[in-house]
Amino acid sequence: MIETMYAASGSGPAGGVAGWATDLMDKLGAPGAGLAIALENLFPPLPSEVILPLAGFASAQGRMSLVAALAWTTAGSVAGALALYGIGALIGRDRIRALVARLPLLKLDDLDRTEAWFARHGAKAVFFGRMIPIFRSLISVPAGVERMRMATFLLYTALGSLLWNTVFVLAGYGLGDNWRTVEEYVGVYSKAVLVLVGLAALAFVAVRIVKSRRSARRPGPGVHRAEAREGRRAEASEGRRAEASEGRRAEASEGRRAEASEGRRAEARGSSSGGERTRT
C-alpha cells in the first residue's frame, strides 16, 4: 500500500490532503487518483500539486501504471470541469446580467465586453486556463454560462488537463521520494497568481471609484442638454429683441425722412405761391 511506501521510503507519513489522496489510491488505485482530481476541480482549495505528484510517485513504486495514472487523472479533470460547466449553464446569462446590474462598480458594459472577448477567445481561455491555479476550475463556469459548444469545451479541457497533469505526474514519477518538492515550487507559482489577481482587482476598484467621483462632480448629460436649450432660447430671444429694435430705428428714420421730404415740398409750394403774387 502507498502508506507502507511512505514508511519504507522515509518520506514521512501522509497527512492532510496527501493522506486523504493516499487512502483513495490505496482503495481504488488509479481511479482513486482520478476521483481525487475530479473533487479538486470542484473544490479548488484541494491542491492538484499534491495529488498529481503523489500519483506519479505511486506509479514509480509500481502501485499503478503511469499510463493509467495519466488517463484517470485527466478523466477526473474533465469530469470535474463538466460539473462546473453544468453549474454555469444552470445559472444562465440572464441571472448573471441581473447580478452584475446590482453590483457596485460593475456595469453591464463590462459584462458585454467580457462576453465579446470570450466569444472570440473562449477556446484558448479554456485551454490555457486549465494550467493556471484557481482559474483551472473557474474557467468552466463562464463556458457553461455562454453555452460553449460541448465538443469544443471537452476537447480543449481534455488537452489542457492532459498537459498539466502530465507535467506533475511525471515530476512525481521522476522525483520519487522527493515528490513533495513539486508542491513547494508550485506553491510559489500559485501565490504569484493570487498576488497578481489581487493587484488587478485593487486597480480595477480604484479606477472605478475615481471615475465615479469625477462623474458625480460633473453635471450629467441631461443638465448639459437643458443648458444648451436655455442658451438657444436666450439667443433667439436676444435676436428677436435686436430685430425689433432695428425695426423701430428703421421706422423712426423713415418717419424723419418723410417729415423732411414733406417739409421741403411745403416750402417749395410756399415759394411758388409767393412768386405768383409778386408777378400779379
Side-chain angles (χ1 to χ4, degrees), residues 38-48 77-161 164 189-231:
L39 293 174
E40 177 265 335
N41 276 263
L42 294 172
F43 305 101
L46 293 176
S48 63
S77 295
V78 173
L82 272 174
L84 292 172
Y85 179 99
I87 291 172
L90 285 174
I91 294 172
R93 184 172 178 270
D94 292 340
R95 289 191 180 93
I96 292 293
R97 293 185 70 83
L99 175 62
V100 169
R102 295 190 184 97
L103 292 176
L105 303 179
L106 288 178
K107 302 176 182 178
L108 289 176
D109 288 344
D110 299 325
L111 182 59
D112 292 337
R113 285 191 293 270
T114 302
E115 289 178 335
W117 182 89
F118 198 86
R120 295 192 303 270
H121 307 291
K124 289 181 284 188
V126 168
F127 176 76
F128 290 107
R130 297 301 305 174
M131 291 172 270
I132 302 175
I134 300 175
F135 293 99
R136 295 186 67 247
S137 301
L138 298 180
I139 192 61
S140 301
V141 176
V145 170
E146 294 299 320
R147 300 297 179 97
M148 176 184 281
R149 287 181 55 200
M150 184 59 70
T152 302
F153 175 74
L154 289 176
L155 174 63
Y156 286 97
T157 297
L159 289 175
S161 299
W164 176 267
Y189 173 46
S190 299
K191 289 175 183 176
V193 170
L194 283 174
V195 169
L196 290 174
V197 171
L199 290 175
L202 286 175
F204 176 82
V205 171
V207 169
R208 280 300 163 88
I209 290 174
V210 170
K211 286 184 176 180
S212 64
R213 287 180 178 175
R214 287 178 179 173
S215 298
R217 292 193 194 103
R218 291 196 303 264
V223 175
H224 287 304
R225 287 195 292 269
E227 290 176 349
R229 286 195 298 270
E230 186 63 29

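The structure displayed is predicted, hence computed values, not measured ones. The residues of the chain are indexed from 1 along the displayed sequence.
Taking the side chain as every heavy atom from C-beta outward, L202 and V205 never approach each other to under 4.5 Å.
A donor-acceptor pair under 3.5 Å links the side-chain atoms of R95 to the main chain of L90, judged by distance alone. With hydrogens and angles ignored, the 3.5 Å screen pairs no side-chain donor or acceptor of Y85 with any backbone N or O of L154.
Heavy-atom neighbours of Y156 OH from other residues, nucleotides or ligands within 6.0 Å: at or below the threshold of 12. Counted within 6.0 Å of CZ on R149, heavy atoms from surrounding residues, nucleotides or ligands total 12 or fewer; the atom is thus considered open.
Distance check: R136 CZ to E40 CD gives 4.5 Å after rounding to the nearest 0.5 Å. Distance CG/L84 to OG1/T157: 10.0 Å, rounded to 0.5 Å. To the nearest 0.5 Å, atom CG of residue N41 and atom CZ of residue R130 are 4.5 Å apart. Remark: L82 CG to L42 CG distance equals 10.5 Å, nearest 0.5 Å.
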Sequence neighbours excluded and cut-off under 3.5 Å, please list the side-chain donor-acceptor pairs for residues 138-145, or say none.
none

